[in-house]
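Given the structure is predicted, the values throughout are model-derived calculations rather than measurements. Counting starts at 1 for both ligands and their atoms, in listed order.
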Amino acid sequence: MLVDSHCHLDFPELAEDIEQVLQRMVDNGVVHALCVSVTLENWPRVRDLAARFPNLHCTVGVHPDERDGEEPTVERLVGLAATAKVVAIGETGLDYFRQSGDTDWQRTRFRTHIRAARECGKPLVIHTREAADDTLAIMREERAAEVGGVMHCFTESWPVAESAMEMGFYISFSGIVTFKNALPLKDVARRVPLERLLVETDAPYLAPVPFRGKRNEPGYVQYVARHISDLKGIQYQDIESSTSRNFSDLFRVALSDDSIKS
Ligand SMILES: [Zn+2]
Ligand SMILES: [Zn+2]
């Protein structure tokens, strides 16, 4: 059994045939998925999906690329995080690739999310792109280690992975690790110990090989897991059991084959 630790099932590409998407997920041995929030405007859809399907949980947070919607406060995030099936705060973090000019607002918002996570005692889902140094510095300053979490869709170097793991964070790989040209990232994936490893799709984007460029969905997380088992030269079953256990430990979600029956 496998878990997709990060996807966006509320996005229209997937929401339009959610029942079939979730059926294919189960058919592919993926027993559970975490539906990740990117805006407060869309959050009710994320919450409703988690409420409707036993094998989904969700997060609450505002993505660093989202500028126009409601700006979250600590109180607002903590309030929403008390909703059933909310297991983490995020996705949050820094993204200097998509945003230019003044990025103070991103750093302020990131701090708000870490404070909310510490206040409600839930782990963080962190997105970082071309901003690794600032991301790690803010994690340290705001004591993110108190709650831990995951560096999602990891594309950074080994030293960044190491620093995050020292703060108790997990490292999650997406379909990017299957891309032919992602050689440095494949090396990082080889080195991340099984005890710190998670896998994800980030669907509907970033479909792994052999579906690169197509719509992604949670069932495809098996291709990420298979690729990492090849990179590490270990059994696929070892990736399945480690990543499922890590997911269950981090997000305090009990996984069983029962979650398939739904
Ligand atoms: Zn992200
Ligand atoms: Zn995402």
Side-chain angles (χ1 to χ4, degrees), residues 3-15 18 21 25 30 32-43 45-47 49-50 56-67 69 72 77 86-99 103 105-107 109-110 112-114 117 122-132 134-136 138-139 144 149-156 160-161 164 169-179 182 185 188 198-208 211 214-221 224 243 247 250-251:
V3 178
D4 183 358
S5 73
H6 188 117
C7 57
H8 301 284
L9 297 171
D10 58 308
F11 287 16
E13 297 92 325
L14 291 167
I18 188 67
V21 166
M25 169 177 132
V30 181
H32 213 92
L34 185 62
C35 191
V36 174
S37 162
V38 295
T39 66
L40 293 183
E41 288 71 22
N42 257 5
W43 189 73
R45 289 183 219 178
V46 171
R47 173 202 62 201
L49 280 167
L56 300 180
H57 278 75
C58 69
T59 71
V60 63
V62 180
H63 193 288
D65 287 335
E66 298 289 342
R67 265 214 101 154
L77 289 170
V86 176
V87 294
I89 300 294
E91 63 180 290
T92 182
L94 302 175
D95 191 326
Y96 298 164
F97 177 77
R98 296 234 215 120
Q99 302 290 341
T103 50
W105 61 275
Q106 276 197 1
R107 288 182 288 277
R109 185 191 286 172
F110 186 26
T112 298
H113 280 79
I114 300 175
K122 291 187 199 278
L124 287 151
V125 175
I126 294 184
H127 169 112
T128 184
R129 191 164 182 199
E130 296 194 1
D134 285 0
T135 301
L136 291 170
I138 291 175
M139 287 166 70
V150 56
M151 306 303 285
H152 109 87
C153 195
F154 194 79
T155 53
E156 301 295 333
V160 175
F169 276 69
Y170 291 79
I171 307 295
S172 179
F173 293 95
S174 69
I176 294 177
V177 77
T178 70
F179 297 174
L185 188 61
V188 175
L198 288 170
V199 286
E200 66 174 79
T201 58
D202 210 7
Y205 310 123
L206 299 171
F211 301 104
K214 307 235 166 65
R215 184 188 77 166
N216 198 3
E217 56 179 61
Y220 294 171
V221 76
V224 178
T243 56
F247 180 89
L250 175 60
F251 297 113

Original post:
Can you name the nearest heavy-atom pair linking Asp4 to Val30, along with the distance?
Top reply: N-CG1, 3.8 Å

**OP:** Using modelled atom types only, decide if a donor and an acceptor are shared between the side chain of Glu217 and the backbone of Ala203 within a distance under 3.5 Å.
**Re:** no

**OP:** Measure the acute angle between the ring planes of His6 and His152, then classify it against the limits of 30° and 60° as parallel, tilted or perpendicular.
**Re:** parallel

**OP:** Could you go through the side-chain contact (heavy atoms from CB on, under 4.5 Å) check for Phe154 and Ile176 one step at a time?
**Re:** CA-CA 9 Å; Phe154 194 79; Ile176 294 177; over 6 Å; no

Original post:
Can you name the residues that form a side chain to side chain contact (heavy atoms under 4.5 Å, CB included) with Glu41, not counting sequence neighbours?
Top reply: Thr39, Glu70

**OP:** May I ask you to list the protein N, O or S atoms found at less than 2.8 Å from the Zn ion (ligand 1)?
**Re:** Glu91 OE1, His127 ND1, His152 NE2

Original post:
So do Pro204 and His8 actually touch side chain to side chain, heavy atoms under 4.5 Å?
Top reply: yes

